[in-house]
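Order of appearance sets the numbers: ligands from 1, and atoms from 1 within every ligand.
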Amino acid sequence: MISVHLDVEAVRADFPALARKVRNDKPLIYLDSGATSQKPVQVLDAERSFYERHNSAAHRGTHLLGEEATDVYEGARAKVAAFLGADAGEVVFTKNATEAINLVAYAMSNDRSGSFRVGPGDEILITEMEHHANLVPWQQLCERTGATLRWLDVTPEGRLDLDDLDSMITGRTRIVAVTQQSNVTGTIPPVAEIVRAAHEKGALVLADAAQSVPHQPVDVAALGVDFLAFSAHKMLGPYGIGVLFGRAELLEAMPPFLTGGSMIEVVRMEGSTFLPPPQRFEPGVPAVAEAAGLAAAVDYLTALGMGNVAAHEESLTAHALDALSEISGVRILGPDTTKDRGGAVAFEVEGVHPHDVGQVLDELGIAVRTGHHCAWPLHRALGVQASTRATFYVYNTHDEVDALADGIRYAQRFFQAG
Ligand SMILES: Cc1ncc(COP(=O)(O)O)c(C=O)c1O
């Protein structure tokens with residue numbers, strides 16, 4: 001049953017890549033949007049049109065094209081801010097979610113005077129469920145500063161173990177960094193509840209929204225987070241641009257991350273002063289065409305309605321959980337219902353290595369991801385080395401979910417497993 005609010009065939013027509021035939025003329029079944037989404041013509045057109053008409057360095061030229069490029073760039077910022085329920089000044093453009101998280105982690109070790117300074121005795125709390133992008137930067141921060149890294153465990157079902165939340169957040173916790181939707185198990189942790197517990201103890205909260213902003217309505221004010229990070233390329237937009245949302249007073253207090261042109265106020269040989277945020281965090285000539293593409297992606301998703309996007313994915317996920325759980329020898333990693341769960345369905349097939357599953361599926365035209373999906377500790381916690389992962393988006397259909405299930409059965413027969 002496809003959500004009545006989303007005309008999937010009309011959506012699919014906007015994505016040229018989905019019309020491809022692959023591997024001996026089979027229709028492409030793209031189930032790897034968790035890695036990166038396909039891009040609609042509206043996004044491709046927005047980038048092309050920028051290059052054809054307005055190409056110029058934003059915030060630099062004193063000519064018409066420079067003004068237009070600045071308008072495109074700042075217009076994109078305003079659009080992203082409205083999409084998140086933030087103010088434009090709270091939206092920093094970065095290269096991707098990874099850079100956005102590194103920006104905050106670096107600021108916390110580079111604050112020579114202020115409130116961000118982290119040192120021995122301080123604690124950083126993360127979870128075992130994190131993508132490496134929201135794990136390694138915090139390990140590195142602790143190594144640089146002498147702070148202690150702590151983490152919340154996951155339950156065998158792939159949810160966060162919150163029993164010890166109150167004791168794990170202490171008066172020494174400086175920041176809690178948590179995913180808003182796991183890229184492996186699809187788990188959606190209760191971020192608002194974690195925010196309340198953290199704020200009670202004076203800790204900040206960063207949400208890794210790389211897998212949530214593309215797939216569910218996200219309002220930073222309602223969530224109460226201090227920082228939130230995501231990438232355009234997972235939400236129908238281009239590579240090379242991501243977003244760090246930061247509460248205005250926090251960004252104001254933060255030292256810069258990367259430095260150079262476009263982020264300075266006054267430069268003398270003896271030293272420099274820096275612009276207010278968000279420019280303070282955006283050195284160099286900005287990625288304006290990418291910002292135009294991101295703005296077009298936001299328009300596209302807004303026109304579909306994020307509630308409809310989430311409902312469509314929920315129905316695909318429910319179908320996938322049903323279809324896969326009927327196959328003997330298949331173990332789904334993570335929750336087996338759609339409650340507080342998004343559309344990442346990772347699984348193992350008894351007796352068949354994930355890479356072999358992926359290869360057989362690829363021969364059938366079905367693109368999935370195999371490996372540890374940059375979440376190695378999570379795989380260890382769930383007792384597997386690696387898994388096969390299908391991820392769904394606005395253009396996927398229930399027939400594609402059935403094809404996945406048939407493909408897994410075929411792989412089992414091929415390898416005489418199951
Ligand atoms: C949950 C999560 N966080 C962070 C990232 C990092 O995103 P990027 O590689 O675009 O910086 C990913 C990418 O897969 C992700 O799934």
Task: Over 12 foreign heavy atoms within 6.0 Å of CZ, Arg380 - done: yes

- [ ] Return the set of residues passing ring pair (Phe, Tyr, Trp, His ring centres under 6.0 Å) with Phe281 (not counting sequence neighbours), or none when no residue passes.
- [x] none

TODO: Go through the side-chain N and O atoms of His233 and Thr36 and say whether any donor and acceptor fall under 3.5 Å apart.
DONE: yes

Open item on the list: My understanding is that only residues two or more places apart in sequence, or in another chain, count here; which of them pass side chain to side chain donor-acceptor pair (under 3.5 Å) with Glu249?
Closed with: Arg247

Open item on the list: By the side chain to side chain donor-acceptor pair (under 3.5 Å) test, which pairs, at least two apart or in different chains, include something from residues 190-210?
Closed with: His199-Asp226

Open item on the list: Residues around ligand 1, heavy atom under 4.0 Å from any ligand atom, sorted by chain and number. Can you pull those?
Closed with: Asn96, Ala97, Thr98, His131, Ala133, Asn183, Asp208, Ala210, Gln211, Ser231, His233, Lys234

Open item on the list: Under the criterion side-chain contact (heavy atoms from CB on, under 4.5 Å), I'd like the reasoning laid out for Leu294 against Met235: C-alpha separation, chi angles, the key distance, then a yes or no.
Closed with: CA-CA 8 Å; Leu294 169 56; Met235 55 182 288; 4.1 Å; yes

